Amino acid sequence: MDAHTDTWPDDDPSRIDHGTFCYTAVREGLIDTDRSAHVGIRTVVEDNLGIAIHDAREVHATGAEAVARAVRERAGDAPAYLSFDIDGLDPAFAPGTGTPVCGGLSSAQAAVFLRELAGINLVGGDVVEVSPPFDPAGITAIAGAHVLFDQICLWGWMRRGNAAVDIS
Ligand SMILES: [Mn+2]
């Protein structure tokens with residue numbers, strides 16, 4: 001989940017940063033591109049290295065549920081890592097980040113998306129790019145905490161044999 005694909009090559013091949021890590025990971029064979037997807041994209045990329053793109057416009061047009069189903073089907077039963085860049089959300093819901101882009105998902109759309117991934121073989125995940133100095137009202141921190149909570153529930157869902165997750 002991201003406004004950006006982070007699949008851009010760096011001028012300096014020895015450097016890995018927040019806009020190039022995906023490029024390096026694909027090049028090193030760490031990502032199975034046939035089973036991977038980017039969601040929420042609002043920036044131009046000429047070559048996404050074989051990773052599917054479900055841009056934010058598609059999420060708004062077809063719904064977070066439909067996009068989540070497509071991602072789940074693409075991932076199949078492969079071990080999945082879910083990286084959630086908070087700038088996948090619209091700046092209205094996550095203003096505290098370094099490279100905000102308008103037109104992103106709402107917190108509600110993100111919740112639907114994440115919960116509809118239930119059943120995915122999640123083995124790891126993250127929430128990145130929350131920047132407290134840009135987040136004086138704490139809106140972004142709240143969004144990030146909820147995203148991580150939903151990821152933990154997804155993980156628990158698998159570990160408990162798809163039984164309902166007790167969040168009490
Ligand atoms: Mn980003």
Side-chain angles (χ1 to χ4, degrees), residues 1-28 30-33 35-64 67-68 70-72 74-75 80-117 120 122-152 154:
M1 176 69 72
D2 205 322
H4 322 83
T5 62
D6 300 342
T7 50
W8 295 284
D10 200 298
D11 295 337
D12 176 359
S14 67
R15 187 174 65 179
I16 301 173
D17 71 22
H18 71 158
T20 65
F21 84 91
C22 215
Y23 174 84
T24 303
V26 170
R27 201 179 51 184
E28 293 186 357
L30 303 175
I31 296 175
D32 183 349
T33 56
R35 295 195 175 201
S36 300
H38 278 124
V39 176
I41 303 302
R42 278 110 63 208
T43 48
V44 175
V45 60
E46 290 176 6
D47 180 5
N48 207 36
L49 312 175
I51 299 172
I53 292 182
H54 301 279
D55 61 16
R57 187 171 180 273
E58 180 183 341
V59 177
H60 295 308
T62 67
V67 171
V71 170
R72 205 175 60 212
R74 186 172 176 89
Y81 188 92
L82 201 169
S83 181
F84 199 112
D85 183 329
I86 204 69
D87 72 27
L89 301 185
D90 190 84
F93 301 92
T97 191
T99 52
V101 184
C102 286
L105 277 67
S106 68
S107 300
Q109 285 174 305
V112 168
F113 173 78
L114 288 167
R115 291 165 195 188
E116 195 60 30
L117 289 179
I120 205 165
L122 190 67
V123 296
D126 60 48
V127 178
V128 296
E129 302 281 14
V130 174
S131 180
F134 295 155
D135 192 36
I139 296 170
T140 317
I142 293 169
H146 278 264
V147 164
L148 196 54
F149 180 78
D150 275 340
Q151 285 198 36
I152 292 168
L154 284 172

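When a ligand or atom number is given, it counts from 1 through the structure's own listing order. Remember, it's a predicted structure, so these values are computed and weren't measured experimentally.
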Tell me, please, which residues at least two apart from S107 pass side-chain hydrogen bond (donor to acceptor under 3.5 Å, both in side chains).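 Here no residue qualifies.
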Side chains of [X] and [Y]: closer than 4.5 Å at any heavy-atom pair?
X: V39; Y: V67; result: yes
X: D87; Y: P100; result: no
X: D10; Y: I16; result: no
X: H4; Y: V101; result: yes

If I only include protein atoms of type N, O or S, how many are less than 2.8 Å from the Mn ion (ligand 1)?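 For the Mn ion (ligand 1), protein nitrogen, oxygen or sulfur atoms under 2.8 Å: 5.
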Tell me whether H60 at atom NE2 has more than 12 heavy atoms from other residues, nucleotides or ligands lying less than 6.0 Å away.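 More than 12 heavy atoms, drawn from other residues, nucleotides or ligands, come within 6.0 Å of this atom.
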